[in-house]
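The block underneath contains the structure these notes are about, expressed in structure tokens.
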Amino acid sequence: MLRGARVLGIESTAHTFSASVVSEKEGVVTNAKDVYVPPEGSGIHPAEAAEHHLSVAVRVVREALEGKDRRGSDIGAIDAFAYAMGPGLGPCLRVGAVTARALSLSTGKPMVAVNHAVGHIELGCLLTGAHTPLVLLISGGHTMVVAHSDGVWRVLGETLDLTLGQLLDQLGRYAGFSSPCGRKIEEAASKSSRYLKLPYTMKGNDVSFSGILTAAKKLIEGGASFEDVCYSVQETAFAITAEVTERALAFTGARELLVVGGVAANRRLAEMLDLMAGRHAAAVKVVPLKYSGDCGAQIAWTGLLAFRSGQFLPAVADSVVRQSWRLDTVPTPWRS
């Protein structure tokens, strides 16, 4: 049975409610999603995002099962239901867990709990063909450099405060945009080449972005061009990110650098990483844009790997959520 196993995965950690069906034979079969968009100038309100997820859950799961051609998977053909246990926003996580419980109880099929960050990485490996990469995970919820060792993904460097995605989002919201703001910041930055000096902090192989954000806001208050500020923020934040990644690349001797997470779509960051990795004869593999943000495929594929390894919940009652759940505490027996 496991040779052709099919898993339906549900992602609901933040602004996205997504469901996906994957199989061992076909990889990602379907990936349906609906994204909560907050009002202009504001971030994600957990309760409002959860209400959004509740309102679209049935439709999104149905779309994932049916597929665009309406020739998708019958729910009876699903071998397990995976959900994002964490990390993420509590109210949003609970919607995904409840949805997965309902599907599990109605079919008698097991549930699989997935760490959202591990999901980013494992789907990235599937889609890019990376085998034993150094990973740069950069999104609204994570900024860390990790490598796999002794059964878990080990953190070699991470942010001490804001993530790279939060830095871009908070700068964009300060200018009146709604989250996520990464594309707006990138677009504005592309219209400038004037660098304004910004402070930055690195402690060992860890980084800090809060000082950059504070200084950027002061520049805008002082009359600096928004485009110049965006350009300067990108150049500074991306440079220190590339520097700590290079240290980890030199330390591990990895020949693959996998870049995953929503910020992986930024072209300027990709340029910097290509130049840096080239000095170490390492290939840069970036998750396809379609799957760089949060999506059910991340949860479904990692759920399939866990299911094959015998990692499923003993009972539906065990399907809790964990708002804080570090990826370096998550066993990955499928990589042994």
Side-chain angles (χ1 to χ4, degrees), residues 7 9-11 13-16 18-22 26-33 35 64 82 84 87-88 114-148 153 155-159 163-166 168-169 180 182-183 185-186 234 238 241-242 245 248-249 254-278 282-305 327 330 332 334-335:
V7 171
I10 297 172
E11 156 63 24
T13 57
H15 51 55
T16 299
S18 178
S20 171
V21 173
V22 302
E26 302 171 78
V28 180
V29 179
T30 62
N31 188 63
K33 68 167 59 178
V35 181
V114 173
N115 179 284
H116 173 78
V118 174
H120 270 292
I121 295 171
E122 294 296 353
L123 182 66
C125 288
L126 170 70
L127 298 177
T128 64
H131 296 290
T132 56
L134 178 74
V135 181
L136 175 60
L137 171 56
I138 40 176
S139 65
H142 306 87
T143 294
M144 55 179 60
V145 183
V146 304
H148 197 270
W153 288 99
V155 178
L156 304 181
E158 61 187 323
T159 181
T163 67
L164 193 49
Q166 287 171 342
L168 302 179
D169 280 349
R183 290 185 181 179
I185 299 299
E186 182 178 9
Q234 281 200 165
F238 293 171
T241 301
T245 304
L249 199 60
R255 288 294 175 260
E256 297 173 308
L257 172 61
L258 175 64
V259 188
V260 296
V263 188
N266 189 288
R267 288 166 292 184
R268 177 54 181 152
L269 178 59
E271 290 176 1
M272 288 190 179
L273 294 175
D274 278 334
L275 287 171
M276 176 274 292
V284 179
K285 299 185 176 184
V286 182
V287 66
L289 179 62
K290 180 179 179 181
Y291 297 102
S292 62
D294 296 348
C295 63
Q298 298 158 354
I299 309 305
W301 179 250
T302 309
L304 176 59
L305 296 175
L327 87 168
V330 181
T332 55
W334 56 86
R335 285 196 164 268

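Along the sequence shown, the residues carry numbers beginning at 1. This is a predicted model, so every value here is computed, not measured. These numbers come from the heavy atoms of this one structure, side chains and all, not from hydrogens, waters or symmetry mates.
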Under 3.5 Å donor-acceptor, Thr143 side chain and Thr163 backbone: no
Within-4.5 Å side-chain heavy-atom neighbours: Thr241 and Leu136: yes
Main-chain N/O of His142 paired to Ser139 side chain as donor or acceptor, under 3.5 Å: yes
Leu327/Ile121 under side chain to side chain contact (heavy atoms under 4.5 Å, CB included): CA gap, chis, key distance, verdict: CA-CA 10 Å; Leu327 87 168; Ile121 295 171; 3.6 Å; yes
Nearest heavy atoms of Ala265 and Leu289, plus distance in Å: CB-CD1, 3.3 Å
Validation row: Val7, Val21 side chains within 4.5 angstrom (heavy atoms): no
Pair Asp294-His116, side-chain donor/acceptor within less than 3.5 Å: yes
Donor-acceptor under 3.5 Å (Ser18 side chain, Ala32 main chain): yes
Ion pair Arg268/Glu271, N-O distance below 4.0 Å: yes
Asn266 vs Phe238 side-chain heavy atoms within contact, under 4.5 Å: yes
Worked verdict on Gln298 versus Val118 for side chain to side chain contact (heavy atoms under 4.5 Å, CB included): CA-CA 8 Å; Gln298 298 158 354; Val118 174; over 6 Å; no
His148 and Thr132: side chain donor to acceptor below 3.5 Å: no
Side-chain heavy-atom pair Val29, Glu26 within 4.5 angstrom cut-off: yes
Results of side-chain hydrogen bond (donor to acceptor under 3.5 Å, both in side chains) for Thr128 - residues two or more places apart only: none
Check: Glu186 side chain, Gln234 main-chain N or O, donor-acceptor pair, under 3.5 Å: no
Charged N-O contact under 4.0 Å between Arg335 and Glu122: yes
Min side-chain heavy-atom separation Ser20-Ile299 under 4.5 Å: no
Test item: Glu11 side-chain N/O and Ala19 main-chain N/O as donor-acceptor pair under 3.5 Å: no
Test side-chain contact (heavy atoms from CB on, under 4.5 Å) applied to Ile138 and Val145, Thr245, Val263, the passing residue: Val263
Check: Asn31 side chain, Ala297 main-chain N or O, donor-acceptor pair, under 3.5 Å: yes
Side-chain touch Val28/Trp301, heavy atoms, less than 4.5 angstrom: no
Side chain to side chain, Val259 and Val284, heavy atoms closer than 4.5 Å: yes
Candidate pair Cys295 and Leu123, rule side chain to side chain contact (heavy atoms under 4.5 Å, CB included), full reasoning: CA-CA 10 Å; Cys295 63; Leu123 182 66; 4.0 Å; yes
pair Lys285-Leu257: side-chain heavy atoms closer than 4.5 Å: no
